[in-house]
Amino acid sequence: MSETFADLIACEDALMFVNAAITSTGQREFHHHPGEQHLSLEFLHTYMLENYREVYAAALALDVNDHNAAIIVRNLLVRAGDAGAERRRLEGRLIARRLELMPRQRVYRLIRELRRLKVNNRRTRAIIRDWLAGRADPAFDAVKYRGGVKTAIRHAHVEPDGELRDFLFAPHRVKAYETPIFERWRRAHYEKAALYELPYTVAEGFAAKHGVPREVFLERIAPRLTRLERLRLQESAREAKAGAVAADLTVMPLTRLASYVLSLPLDDRAARRAELTEALRTAARRVAGAARGSWGRVAAVLDDSHSSTGSGQKRRRPLAVALAAHYLLEALAKEYVPLWTSGRTDELLVHPFGPTPLGERILDALEARPERLVIISDGWDNAPPGLAADVLRIWRTRLDPGHRLAPGQRVLIAHLNPVYDADDFDVRRLSPSVPTAGIRDAEDLPTLVELARFAEGRVGLAGLRAHLDDRTARFLGEGA
């Protein structure tokens with residue numbers, strides 16, 4: 001009996017950590033300050049590293065965000081001596097694979113942190129050297145992330161070759177570089193035309209130095225912009241009348257695109273309805289892939305209450321996740337019923353407003369007799385407080401006890417929460433009878449609905465470990 005209870009606690013601890021590592025970035029949320037977020041998150045990382053190191057490392061194979069992935073990597077390397085040789089080898093492979101997937105600026109920031117902590121053992125140096133060796137264009141990295149590259153090379157005891165060494169440590173000693181991007185960087189110090197052949201973030205500094213007007217700079221640098229830089233700059237470029245910066249919205253990531261749409265004034269959204277709707281649906285269909293239309297009858301309760309404003313650091317992030325999830329669920333479902341907490345029916349014009357009547361919307365959703373009910377909300381049910389928990393409890397205990405309804409009558413319910421609750425070290429739950437998982441990007445919704453079933457307590461620790469082993473094997477390229 002005690003072993004079963006211990007397994008239950010371990011399973012709950014693991015799910016609590018995964019939820020936190022998916023949703024929290026240590027930044028301010030609507031209900032919590034950044035200091036609370038940081039302290040809560042650091043405690044969870046320490047607790048998991050001490051008590052469940054195997055599960056802690058396996059989280060790198062899950063959909064945890066880059067902020068938490070970097071903390072996991074840092075902690076595993078700081079405490080490398082606590083693991084055996086075989087465990088360190090597996091952790092090394094997980095770390096290497098995760099670093100490949102992380103944005104380069106994040107990795108360079110992590111290396112600076114390892115240098116600050118004086119973590120410089122042979123294993124750490126080997127991981128950094130292998131990551132540097134895997135860069136597709138070292139010269140490009142040296143120009144765009146020059147300080148980070150210098151730190152990484154010094155920390156890993158790497159001896160750069162030829163012009164790379166000169167560029168990093170004595171750039172102005174060279175009269176002319178043979179490496180094209182180094183030469184363009186050198187000429188950009190005194191020649192305006194050369195700056196337009198550099199990455200945007202580097203060229204921007206040179207443009208300011210030369211006093212280039214913003215509209216002229218944006219027009220000429222447009223061919224060098226990445227798709228996300230185009231999306232980020234599109235509205236400022238529109239104001240500056242730099243038409244060349246216009247982004248192709250149909251190729252943008254779904255949640256990023258939803259954030260962009262929500263940043264637009266309501267009048268602009270209405271005027272561009274056809275363009276924006278088609279872009280969102282195209283992105284959602286791309287994410288759904290072969291699963292399009294396979295989820296049967298789906299109802300969604302989507303939170304657009306005042307708390308979906310987020311914070312100054314995560315502006316409208318909860319609402320962006322809900323909007324992106326709406327379009328993804330529309331693509332996954334054969335029949336789809338969306339229910340916004342505000343009662344609005346025009347999803348393109350949603351904005352944070354009003355209380356959170358989750359209970360009423362869940363009742364409406366269940367009346368539609370869906371096969372799946374997905375709730376996207378921060379869980380602060382307050383109109384009236386606690387109604388959602390009562391509705392879900394009655395549904396599970398009286399209308400569908402033990403999931404014994406016939407398959408055609410059964411409703412699979414999952415609550416996905418985009419906001420970390422620092423007080424509870426977890427995402428806020430609506431009811432113990434309904435599985436809850438954290439979500440950061442709507443693209444991860446199908447995977448997280450699967451992960452949420454472990455929170456019901458019916459699968460257990462053995463099932464969770466099997467799931468983690470499978471995800472780890474796939475992550476490392478060993479699975480099907």
Side-chain angles (χ1 to χ4, degrees), residues 57-61 64-81 83 85-171 173-174 177-186 197-202 224 226 228 472-479:
L60 290 173
V64 301
N65 61 50
D66 291 327
H67 175 76
N68 284 286
I71 296 175
I72 293 172
V73 171
R74 180 200 72 192
N75 288 347
L76 290 175
L77 293 176
V78 168
R79 298 286 295 275
E86 185 175 348
R87 165 57 39 191
R88 287 201 301 271
R89 279 193 292 272
L90 177 58
E91 289 178 1
R93 295 174 62 205
L94 284 166
I95 290 170
R97 176 61 180 148
R98 187 70 198 215
L99 293 182
E100 288 177 9
L101 301 175
M102 287 172 64
R104 284 170 289 185
Q105 65 272 22
R106 285 264 187 194
V107 180
Y108 288 123
R109 194 181 309 158
L110 169 62
I111 295 170
R112 284 197 297 271
E113 177 70 1
L114 292 171
R115 183 177 178 86
R116 185 186 68 81
L117 295 172
K118 297 181 170 58
V119 180
N120 196 27
N121 52 56
R122 184 172 61 182
R123 178 166 169 256
T124 300
R125 292 198 300 272
I127 288 171
I128 296 174
R129 281 198 300 267
D130 289 346
W131 183 79
L132 288 171
R135 308 314 319 137
D137 190 348
F140 180 90
D141 272 22
V143 171
K144 188 167 184 177
Y145 310 104
R146 185 161 174 264
V149 174
K150 287 172 65 175
T151 298
I153 283 175
R154 284 171 169 159
H155 198 58
H157 299 175
V158 173
E159 183 61 36
D161 296 326
E163 288 193 334
L164 179 59
R165 181 180 60 249
D166 292 333
F167 177 79
L168 291 173
F169 299 106
R173 187 171 61 190
V174 178
Y177 288 101
E178 294 182 8
T179 305
I181 194 169
F182 292 166
E183 178 60 14
R184 291 194 290 268
W185 177 87
R186 187 190 67 81
E197 301 176 55
L198 295 170
Y200 164 74
T201 52
V202 179
R224 307 287 302 181
T226 67
L228 293 181
T472 298
R474 291 174 180 272
F475 186 69
L476 296 176
E478 299 169 355

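Keep in mind that what you see is a predicted model, and the values were worked out from it rather than measured. Nothing fancy with the numbering, it's 1 onward along the sequence.
Salt-bridge formation is not detected for the pair E86/R89: no Lys NZ or Arg NE/NH1/NH2 atom is positioned less than 4.0 Å from an Asp or Glu carboxylate oxygen. Ion pairing between a basic and an acidic side chain is recognised when a charged N comes within 4.0 Å of a carboxylate O; R79 and E91 show no such pairing.
Using modelled atom types, one finds no donor on one side chain facing an acceptor on the other under 3.5 Å when comparing Y177 with D166.
The backbone N or O of A96 sits nowhere less than 3.5 Å from a side-chain atom of W131 that would complete a donor-acceptor pair. Panel note: side chain R184, backbone E197; a donor-acceptor pair is recorded below 3.5 Å. A distance-only check finds no donor-acceptor pair linking the side chain of E113 to the backbone of R74 [under 3.5 Å]. At least one donor-acceptor pair closer than 3.5 Å links the side chain of R97 to the backbone N or O of F475.
Between E183 and E178, every side-chain heavy-atom pair lies at or beyond the 4.5 Å cut-off. Residues F167 and K150 fail the side-chain proximity criterion, which asks for heavy atoms closer than 4.5 Å. At a threshold of 4.5 Å between non-hydrogen side-chain atoms, the residues N68 and N65 count as touching. With contacts defined as side-chain heavy-atom distances shorter than 4.5 Å, the pair T226/Y200 does not qualify. At a threshold of 4.5 Å between non-hydrogen side-chain atoms, the residues T179 and L164 do not count as touching. Using a 4.5 Å cut-off on side-chain heavy atoms (C-beta onward), P171 and F182 make no contact.
Between Y145 and Y108, the two ring planes are tilted [angle within 30° to 60°].
Taking CZ of R93 as the start and OG1 of T472 as the end, the distance is 10.0 Å to the nearest 0.5 Å. For the atom pair CG of L114 and CZ of R109, the computed distance is 13.0 Å after rounding to the nearest 0.5 Å. Considering CZ of R135 and CD of E100, their distance stands at 8.5 Å, rounded to 0.5 Å. Annotation: the span from N120 atom CG to R125 atom CZ amounts to 5.0 Å, rounded to 0.5 Å. H155 NE2 to R116 CZ: the interatomic distance, rounded to the nearest 0.5 Å, is 11.5 Å. Rounding to the nearest 0.5 angstrom, the gap separating the CD1 atom in I128 from the CZ atom in R115 is 10.0 Å.
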Is there a side-chain contact (heavy atoms from CB on, under 4.5 Å) between R123 and L77 once you walk through the steps? CA-CA 8 Å; R123 178 166 169 256; L77 293 176; 3.7 Å; yes
Going through the distances and angles, do R104 and F140 end up as a side-chain contact (heavy atoms from CB on, under 4.5 Å)? CA-CA 11 Å; R104 284 170 289 185; F140 180 90; 3.7 Å; yes
Evaluate the side-chain contact (heavy atoms from CB on, under 4.5 Å) criterion for residues L94 and V73: first the C-alpha distance (whole Å), next the side-chain angles of each, then the deciding distance (0.1 Å), finally the verdict. CA-CA 9 Å; L94 284 166; V73 171; over 6 Å; no
Working note: D66 + R98, criterion salt bridge (Lys or Arg N to Asp or Glu O under 4.0 Å); need CA distance, chi angles, decisive distance, verdict. CA-CA 9 Å; D66 291 327; R98 187 70 198 215; 3.6 Å; yes
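Of all non-hydrogen atoms in V107 and L99, the two that sit nearest each other are CG2-O, 3.8 Å. The nearest pair of heavy atoms linking L110 to A70 is CD1-O, 3.5 Å. Nearest heavy-atom pair across K144 and P199 is CD-CB, 4.2 Å. For L60 against A69, the heavy-atom pair with the smallest separation is CD2-O, 3.8 Å. I153 and L168 get closest at one heavy-atom pair: CD1-CD1, 3.4 Å. Taking every heavy atom of both residues into account, R88 and A83 meet most closely at NH1-O, 2.5 Å.
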